[in-house]
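Working notes for the structure below.
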2 protein chains.
Amino acid sequence: MQMLTLNNAQAQARYEARARIIKALAHPTRLFIVDVLAQQSHCVCELTAMVGADTSTVSKHLSLLKDAGLVSDEKRGTQVYYHLVAPCALRFLDCAEAVMKVRLEKQLAAV
Amino acid sequence: MQMLTLNNAQAQARYEARARIIKALAHPTRLFIVDVLAQQSHCVCELTAMVGADTSTVSKHLSLLKDAGLVSDEKRGTQVYYHLVAPCALRFLDCAEAVMKVRLEKQLAAV
DNA sequence: TCTAAATTTGGCGAATTCGCCAAGGATTGT
DNA sequence: ACAATCCTTGGCGAATTCGCCAAATTTAGA
């Protein structure tokens, strides 16, 4: 029975790899994009309009999500459509929501 | 039927709040800590030994997780025990694992 | 071919994150 | 009271992240 530690390189690499994926979701804009893509695929221009930021900014967010393996891209003419390939990412939103709710309840109970 | 956008302050605040919680998990050490606490509560000194970093570093990671509402702390004498209060955070690990597996399969299929 | 639209990439400064060290409580036992 | 242990906080430099602008690329259409 080996104690769980972060001392060996293998365990550390495992957690780093997982953290890299979660980090891809740890941004409000990228979270929003994932939420939108869960309902329907969209091109960069559409997402740019929804987000309300520079095209390059949105494109970089999408590249980041793609590198993490959370979305995929498909070229259609001059446009690039992005699809959500990791639906489990949606549960991040639910979990965050649940944590916020618990925090609020505890805050109210303290009054 | 209102189109989903990030243009209004309310929606933006919502996604920012959720991202703040996810960001708390977006670090290998904090991910490891959550994983460990899922099985059993531990004091800072124990976690420090498992992580293999400075006590202050681990303490700050724990403070961050606590501020996010993911763990709670309980003082017992000179020690402070931390408990996992958001078990749904564990699913982040599963999701990351699944994404990594899909990525690997796709990588193998490309050979 | 020339133009226009869509997207990506490079790069810059600003802001944030990270890990360690040092210092400052808090609590237990002597 | 004093010493020892446990933990937290402040602060520093290094590294990373972020959003915009500018430039390059690709593709469709006139």
Side-chain angles (χ1 to χ4, degrees), chain A residues 5-7 9 12-13 15-34 36-37 41-68 70-83, chain B residues 5-7 9 12-13 15-34 36-37 41-68 70-83:
Chain A
T5 69
L6 257 186
N7 285 326
Q12 196 156 354
Y15 282 100
E16 273 172 9
R18 296 190 264 204
R20 231 173 286 129
I21 293 173
I22 297 176
K23 202 176 295 188
L25 285 165
H27 189 285
T29 299
R30 294 196 290 270
L31 218 45
F32 170 78
I33 288 175
V34 165
V36 167
L37 292 184
S41 296
H42 288 283
C43 65
V44 180
C45 53
E46 288 169 338
L47 292 170
T48 295
M50 295 188 214
V51 169
D54 194 272
T55 309
S56 65
T57 300
V58 175
S59 176
K60 282 183 182 175
H61 281 310
L62 288 166
S63 290
L64 213 153
L65 288 171
K66 181 183 156 199
D67 288 343
L70 294 167
V71 304
S72 66
D73 60 345
E74 174 203 356
K75 193 154 194 173
R76 292 191 204 161
T78 75
Q79 306 181 353
V80 176
Y81 274 76
Y82 279 86
H83 317 283
Chain B
T5 69
L6 257 186
N7 286 326
Q12 196 157 354
Y15 282 100
E16 273 172 10
R18 295 190 265 205
R20 231 173 288 129
I21 293 173
I22 297 177
K23 202 176 296 187
L25 285 166
H27 188 284
T29 297
R30 294 195 291 270
L31 218 45
F32 170 78
I33 289 175
V34 166
V36 167
L37 291 184
S41 297
H42 287 283
C43 64
V44 180
C45 53
E46 288 169 338
L47 292 171
T48 296
M50 295 189 215
V51 169
D54 195 272
T55 309
S56 66
T57 301
V58 174
S59 175
K60 282 183 181 173
H61 281 309
L62 288 165
S63 289
L64 213 153
L65 288 171
K66 182 182 155 197
D67 288 344
L70 295 167
V71 305
S72 67
D73 59 344
E74 173 204 356
K75 192 155 193 171
R76 293 191 203 161
T78 76
Q79 306 182 352
V80 177
Y81 275 75
Y82 278 87
H83 316 283

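Below, chains carry the letters A, B, ... as their sequence lines are ordered, and counting in each starts from 1. On a predicted model such as this, the values are computed, not experimentally measured, just so you know.
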Exercise for the section: Using atom CG of B/Asp54 as one end and atom P of D/dG10 as the other, report the distance to the nearest whole Å. Expected result: 16 Å
Handout entry: Terminal helix-axis angle for the helix from C/dT1-D/dA30 to C/dT30-D/dA1, with five pairs defining each axis and rounding to 10 degrees
Key = 20°
Exercise for the section: Would you please name every residue forming a side-chain hydrogen bond (donor to acceptor under 3.5 Å, both in side chains) with B/Ser41, sequence neighbours left out? Expected result: B/His83
Exercise for the section: Tell me, please, which residues at least two apart from A/His42 pass ring pair (Phe, Tyr, Trp, His ring centres under 6.0 Å). Expected result: none
Handout entry: Residue pairs fulfilling salt bridge (Lys or Arg N to Asp or Glu O under 4.0 Å) with at least one residue in residues 45-63 of chain A, sequence neighbours excluded
Key = none
Handout entry: Flag side-chain contact, heavy atom, 4.5 Å: A/Val44 against A/Asp73
Key = no
Exercise for the section: Nearest-nucleotide wise, let me know which of B/Cys45 and A/Gly52 is further upstream toward the 5' end of DNA chain D. Expected result: B/Cys45
Problem - Partners passing ring pair (Phe, Tyr, Trp, His ring centres under 6.0 Å) against A/Phe32 (at least two apart in sequence or in another chain) - result: B/Tyr15
Handout entry: Positions of residues 70-82 of chain B (non-hydrogen atom under 4.0 Å from DNA chain D), listed by number
Key = B/Thr78, B/Gln79, B/Val80, B/Tyr82
Handout entry: Pairs meeting criterion salt bridge (Lys or Arg N to Asp or Glu O under 4.0 Å) with involvement of residues 15-24 of chain B, two or more places apart
Key = A/Glu97-B/Arg18
Exercise for the section: Work out which heavy atom in A/Leu31 is nearest to a heavy atom in B/Ala19; give both atom names and the distance. Expected result: CD2-N, 3.6 Å
Exercise for the section: Would you please name every residue forming a salt bridge (charged side-chain N to carboxylate O under 4.0 Å, His left out) with A/Lys75, sequence neighbours left out? Expected result: none
Handout entry: Any residue meeting side-chain hydrogen bond (donor to acceptor under 3.5 Å, both in side chains) with B/His61, in chain and number order, not counting sequence neighbours
Key = B/Arg30
Enumerate the protein-to-nucleotides 1-3 of chain D contacts in which both atoms are nitrogen or oxygen and the separation is below 3.5 Å.
none

Exercise for the section: Locate the shortest heavy-atom distance separating A/Leu70 from A/Ala24; write the atom from each residue and the value. Expected result: CD1-CB, 3.9 Å
Problem - Upstream residue (5' side of DNA chain D) when B/Thr55 and A/Thr29 are each assigned their closest nucleotide - result: B/Thr55
Practice task
Measure the spacing between OG of B/Ser72 and OH of B/Tyr81 and express it to the nearest 0.5 Å.
Solution key: 14.0 Å
Practice task
Spell out yes or no: do the side chain of A/Ser56 and the base of D/dC21 have one donor N/O and one acceptor N/O closer than 3.5 Å?
Solution key: yes
Handout entry: Start and end of the DNA chain C segment that chain A contacts, any atom under 4.0 Å from a heavy atom
Key = C/dA6 to C/dG11
Exercise for the section: Not counting sequence neighbours, which residues clear salt bridge (charged side-chain N to carboxylate O under 4.0 Å, His left out) with A/Asp67? List them please. Expected result: none
Handout entry: Straight-line distance of B/Leu65 CG to B/Ile21 CD1, nearest 0.5 Å
Key = 11.5 Å
